[in-house]
Amino acid sequence: MFLLIAVGYICDKVGLVTKRGIKQMTDIVLLIVSPAVIIQSYNQEFDPNLAKNLGIAFVYATIAHAGMIVFSRFLFSKKNPGKYNIDRVCSIYTNSGFMGIPLILSVLGEEGVFYGSAFLALFNITLWTQGVAAIKGRQKEKAKPAAIAKQLLLNPGVIGILIGFLIFFTPISLPDPVGQAVGHIANLNTPLAMIVIGTYIARSNILQALKEIRIYYTSLIRLVVFPLLMIPIYLLLPSDSLVYLTNFIAMACPAAAATSMLAAKYGGDAIYASKIIAISTVLSVLTIPLMVIVIGFVL
């Protein structure tokens, strides 16, 4: 997968893709391919054991997001409120959709994506509520609840999960031709998403970001500290290994790309957010395999 990221990096550096082309590829992944992956994972007959494990996955995701929201309040310096807000958001919200789902699909298969959808659902709900509020900080103009609700309901990840629920929990199923088409689209997820991430890294000012020590600290919290804090939860609330591994991989992903877009939209420090995203993504090439080794050793 990291070789695919390198392909994207090279494509950008040699001029095979333009800024507009990258945006279009990103839209295809987010709006079409990612929901197709989720829908495909739910396109099966109802199974009580799968439903039980999905419930546990939602519990893990809820504990993870609640814990990160609470702990992040005390882990960063408040001397610079603007950077404090971005540090919190970048440490809480992982690239679980754009990078996590492809990783889970490659390592754990469609059943892993099925359980990983729980993390993605909590990610979308909390990002558009707590995440937006954190970015805005103490600004006078607060995000409108109606606008946030609209973003939640129209979010492609949430739509994909809702369609998946309809298929899994009811007698409804996709006709074979539709199911095959969804499967073909879903197969684009890993290569296309990784190539796009490679182009993002190529267009980031990595050298400038490397000079800011604070970014390394935030990346350490995001990539190492928060994932490791979930291990006691897995021990206290045991489950099928596939369930906690999907949660752990999602937790180990770098800062969410959406944080910089939300920062730009709601008056946060979008440039600083972009630096954290770039550095944490590069470092994740090393930390994600390391975290998987650690959890394999512990559990």
Side-chain angles (χ1 to χ4, degrees), residues 1-2 4-5 7-8 17 21-44 54 57-58 61 64-65 93-128 131 150-168 174 178-201 242 245-247 249-262 277 281 284 288:
M1 291 188 69
F2 296 117
L4 292 173
I5 293 176
V7 170
V17 290
I22 294 170
K23 184 181 184 305
Q24 290 172 330
M25 285 194 295
T26 301
D27 289 342
I28 290 173
V29 173
L30 291 177
L31 300 178
I32 300 175
V33 179
S34 291
V37 174
I38 295 171
I39 292 170
Q40 183 185 36
S41 72
Y42 280 87
N43 188 30
Q44 55 186 305
L54 182 63
F58 269 101
H65 283 89
Y93 298 105
T94 82
N95 214 352
S96 55
F98 207 66
M99 191 169 185
I101 292 298
L103 279 170
I104 291 168
L105 180 63
S106 296
V107 177
L108 303 174
E110 290 184 8
E111 188 176 346
V113 175
F114 180 83
Y115 301 136
S117 68
F119 193 96
L120 190 60
L122 265 293
F123 164 85
N124 282 299
I125 292 169
T126 53
L127 177 66
W128 286 101
K150 181 180 178 181
Q151 291 284 1
L152 280 172
L153 292 174
L154 297 181
N155 185 283
V158 172
I159 292 173
I161 292 169
L162 292 176
I163 294 174
F165 278 0
L166 186 65
I167 294 171
F168 182 69
L174 295 178
V178 176
Q180 290 176 8
V182 170
H184 288 313
I185 294 172
N187 290 336
L188 295 173
N189 192 52
T190 299
L192 195 56
M194 294 302 102
I195 288 172
V196 171
I197 287 174
T199 65
Y200 284 163
I201 293 174
L242 207 60
L245 283 174
T246 56
N247 180 271
I249 290 175
M251 284 287 292
C253 285
T259 56
S260 64
M261 292 182 280
L262 288 180
I277 293 165
T281 300
S284 71
I288 290 176

Worksheet item: Is Leu166 close to Tyr42 at the side-chain level, that is, under 4.5 Å between some pair of heavy atoms?
Response: no
Worksheet item: To the nearest 0.5 Å, what is the distance between OG (Ser34) and CG (Leu105)?
Response: 10.5 Å
Item to complete: Please report the shortest heavy-atom distance between Phe114 and Gln44, naming the atom on each side.
Response: CD1-NE2, 4.0 Å
Worksheet item: Taking all non-hydrogen atoms of both residues, which atom of Ile104 and which atom of Thr246 are closest, and how far apart?
Response: CD1-O, 3.6 Å
Worksheet item: Which heavy atom of Pro35 sits nearest a heavy atom of Gly160, and at what distance?
Response: CB-CA, 4.3 Å
Worksheet item: Considering the options Leu122, Leu127, Leu120, which one meets the side chain to side chain contact (heavy atoms under 4.5 Å, CB included) requirement together with Asn124?
Response: Leu120
Worksheet, complete the sentence: Note: Ala193 and Pro102 closest approach over all heavy atoms is CB-CG, 3.9 Å
Worksheet item: If you measure from CG on Asn247 to CG on Leu242, what distance do you get to the nearest 0.5 Å?
Response: 12.0 Å
Practice prompt. Kindly compute the distance separating CZ (Phe168) from CD1 (Ile161), expressed to the nearest 0.5 Å.
Written response: 14.0 Å
Worksheet item: Just how far is it from atom OG1 of Thr190 to atom CD1 of Ile195, taken to the nearest 0.5 Å?
Response: 10.5 Å
Practice prompt. Nearest 0.5 Å please: distance from the OH atom of Tyr115 over to the CZ atom of Phe58.
Written response: 12.5 Å
Worksheet item: Side chains of Val7 and Pro191: does their closest heavy-atom pair fall under 4.5 Å?
Response: no
Item to complete: Report the residue from Thr94, Ile288, Ile249 that forms a side chain to side chain contact (heavy atoms under 4.5 Å, CB included) with Met99.
Response: Ile288
Practice prompt. Specify the closest pair of heavy atoms between Tyr93 and Gly131, including all atoms of both residues, with the distance to one decimal.
Written response: OH-N, 3.4 Å
Discussion item. Under a 3.5 Å distance rule, please check whether Ser106 uses its side chain to pair with a backbone N or O of Leu103 as donor and acceptor.
Written reply: no
Discussion item. Could you check whether any side-chain heavy atom of Val182 comes within less than 4.5 Å of a side-chain heavy atom of Leu174, counting everything from C-beta outward?
Written reply: yes
Item to complete: Grab the two heavy atoms, one from Gly100 and one from Cys253, that are nearest each other, plus how far apart they are.
Response: CA-SG, 3.5 Å
Worksheet item: CE/Met251 to CG/Leu245 distance, rounded to the nearest 0.5 angstrom?
Response: 13.5 Å
What pairs of donor and acceptor atoms, side-chain ones from residues 24-32 against any protein atom, are under 3.5 angstrom apart with sequence neighbours left out?
| unit_1 | atom_1 | unit_2 | atom_2 | d |
| --- | --- | --- | --- | --- |
| Thr26 | OG1 | Ile22 | O | 2.8 |
| Thr26 | OG1 | Tyr200 | OH | 2.5 |
| Asp27 | OD2 | Lys23 | NZ | 3.2 |

